[in-house]
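One structure is given here, and the rest of the page talks about it.
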Amino acid sequence: RGDAPRARPIPRPRQRAQSSPRSRRLRRPRWRMGSSDFHNGQKVEYYSPSFGEWIECRIGLVRPDGTLKLEHADGSGTLKEAPMAADANGHGGGNCSDEGNREPTENYPPGHPKATRTLHLGRGSKAGETCRRISLSPQFKLFTLAIVAIVPLFGTVGFMPMVMLSLDIDGVMMQLPFYLVAIWISVQFLYNFAMSQFTDPGSPVHIKPTYEAIGQFEMVFADEPGRPKVTQVDSDLPLLYAPNWCDHCAHWKPPRTHHCSFCKRCTLRMDHHCPFSGNCIGARNHGHFVIMYIFAFLGLFYSLALCAAAIYTFPTSKAKTSAAYAIGDLLGVKQSPATKWMTGITGFIASFALQIFIRTNLQIALQTIFTGVALAAVLSFGIPALCFAATNVTMLEHNFPMKEYVQVKSQVYCPLGPGFYNKGIHANMVELLGRKWLLRLLLPTKGSGPDMQAAIAPRPSSAGCSALVARVKQVAEEGVQQQVKSCEQLGINPGPEAKTSGHVV
């Protein structure tokens, strides 16, 4: 009749007779929850895949189509529009990333059906879960490695002989340096790309906090002469990082560690999750990721330089053997070199491409076009990645700043800015690539590996130390500028014991 569809609970199906453990795994009972199980103003927790944390919020509106409008706990605004559907095993539902939201079980009395399970909303369909497993599988990583390997292999085997012929470079000894450079760049690029795929990014499972009872790691400062010991206000305790408990992995997270909602694990010094490599970029493989981009730039610029030299030295007497005439012969059109340039950005690009096809043969013209397109793509992704690595800033810290806190006083936390660990380009790269960083740039090897102590207990820069000392003095003299009801509002997870006891750290 035109009425809006109403969401209703779907009854739990009966469990079939089980004949073996295998059949029990395949025939687990499932059920879905309809919109009548939620109400406006109900408190829930939303899982943010970007932060890797649970965010306390409330339901602002339950729509008839089964969509939940989530608002901040203080009612300051809309947090997310979440499609609602789930089962006891976390399957089914809408298109939200990862596990969506969950409903606190402490709202229900003991013995209630909901008191012993976590309710997941919007985890995603079975197709999304299948795609996630495929992208993390070794077969997918080998497939992407094979696709990436086509470019350097074609450049070395198919493009280099044509360039040597166009540049009139004859003789093995004359061509050998050009081939050695191409092979060196290709091997380094493919090796580091494969290592960024198959190297474990680093796990904090077996890392214990300095104060394990409260889950806080001590902030370690560089040993500089004359630097006084920095302690908390009105206390002899050292500065401590805010507690950061992972509800999924059930352990404490060291500084700069985040939970990846795609890999379903915590990663030390997590930079981001790379879907193309099918792996998280963390403390152990971030160096390979950076070197991969360095040699991608070198390879593309090397290819572009050879293409430019071939185009520049292409004789005008061979104009009728150019790519433009070859395409014209195939199409049955008589081509002539164009002398006028079209206006506008699109016209300029088209005219420039036409000039390339006129001034060289088809193979070099296509190599030039493909190199330019690949260089534009690599520049858009590679420049930010290299800049973040040079300044010792992860992508998560850049996109979501002020998410990590240090305790300067009991129940007083100070946020850390994105440049807190920037110790200079050389020191940052040594921390990322290890002491034998030059060897890693020359040969395809791990070298000495990254500094894992810096990943577990990162040391702030001199500027960061000075700013932190100034903030401690400011808190001691002026007091706290802003107060919140609980540390959860700052994104700090004090752990399950603090939550159950109601104690605010």
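On a predicted model such as this, the values are computed, not experimentally measured, just so you know.
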Just do the side chain to side chain contact (heavy atoms under 4.5 Å, CB included) check on C487 and Y405 with the steps written out, would you? CA-CA 10 Å; C487 57; Y405 293 85; over 6 Å; no
Show the numbers, then the answer: is there a side chain to side chain contact (heavy atoms under 4.5 Å, CB included) between V412 and V233? CA-CA 10 Å; V412 177; V233 179; over 6 Å; no
Is there a side chain to side chain contact (heavy atoms under 4.5 Å, CB included) between T257 and I207? Walk through the geometry before answering. CA-CA 11 Å; T257 300; I207 300 175; over 6 Å; no
Can you list the steps and then say if Q232 with L239 is a side chain to side chain contact (heavy atoms under 4.5 Å, CB included)? CA-CA 6 Å; Q232 298 186 25; L239 296 182; 4.0 Å; yes
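Exactly one residue among L190, N192, I185 makes a side chain to side chain contact (heavy atoms under 4.5 Å, CB included) with Q188. That residue is N192.
Under the 3.5 Å distance criterion, the side-chain polar atoms of S461 are matched with a main-chain donor or acceptor of F420. Between the side chain of R256 and the backbone N or O of A455, no donor-acceptor pair lies under 3.5 Å. Looking at T267, its side chain never comes within 3.5 Å of a backbone N or O of G282 through a donor-acceptor pair. In terms of modelled atom types and a separation under 3.5 Å, the side chain of N422 and the main chain of N392 share no donor-acceptor contact. Side-chain atoms of N285 do not come within 3.5 Å of backbone N or O of P201 as any donor-acceptor pair. Within the 3.5 Å criterion, the main-chain N or O of Y413 finds no donor-acceptor partner in the side chain of Q407. With hydrogens and angles disregarded, a donor-acceptor distance shorter than 3.5 Å links the side chain of Q216 to the backbone of Y241.
Taking both residues in full, the closest heavy atoms of P460 and K423 are given as O-CD, 4.2 Å, listed atom of the first, atom of the second, then distance. Closest approach of G287 and L433 over heavy atoms only: CA-CD2, 3.5 Å. When all heavy atoms of F189 and M292 are compared, the closest pair comes out as CD1-O, 3.5 Å. Among all heavy-atom pairs drawn from N428 and A390, the shortest one is ND2-O, 2.7 Å. Between E404 and Y421, the shortest heavy-atom contact is OE1-OH, 3.4 Å. Closest of all the heavy-atom pairs between C246 and H259 is SG-ND1, 3.5 Å.
By the 4.5 Å heavy-atom criterion applied to side chains, F217 and N244 are not counted as neighbours. Looking at Q197 and H288, their side chains never come closer than 4.5 Å, going by heavy atoms from C-beta outward. Taking the side chain as every heavy atom from C-beta outward, R269 and T394 approach each other to under 4.5 Å. Proximity of V205 to R265: side-chain heavy atoms (C-beta onward) are nowhere separated by under 4.5 Å. The shortest side-chain heavy-atom distance between I291 and W437 does not fall under the 4.5 Å cut-off. With a 4.5 Å cut-off on side-chain heavy atoms, T210 and L240 do not count as touching. Using a 4.5 Å heavy-atom threshold, the side chains of V406 and L468 count as touching. By the 4.5 Å heavy-atom criterion applied to side chains, K403 and L396 are not counted as neighbours.
Expressed to the nearest 0.5 Å, how far NE2 of H273 lies from SG of C260 amounts to 5.5 Å. Here the OH atom belonging to Y293 is positioned 7.5 Å from the CZ atom belonging to F297, to the nearest 0.5 angstrom. In this structure, the separation between CZ on F193 and CZ on F198 is 9.0 Å, given to the nearest 0.5 Å. Between W252 atom CH2 and N493 atom CG the span is 7.0 Å, to the nearest 0.5 Å. In this structure, SG in C131 is found 11.0 Å from CG in L136, a value given to the nearest 0.5 Å. Considering SG of C465 and CE of M219, their distance stands at 8.0 Å, rounded to 0.5 Å.
Centroid-to-centroid, the aromatic rings of F388 and H272 stay 6.0 Å apart or farther.
Environment of CG in L441: crowded, with over 12 heavy atoms of neighbouring residues, nucleotides or ligands closer than 6.0 Å.
Looking at R459 and D451, no side-chain N of the basic residue comes within less than 4.0 Å of a carboxylate O on the acidic one, giving no salt bridge.
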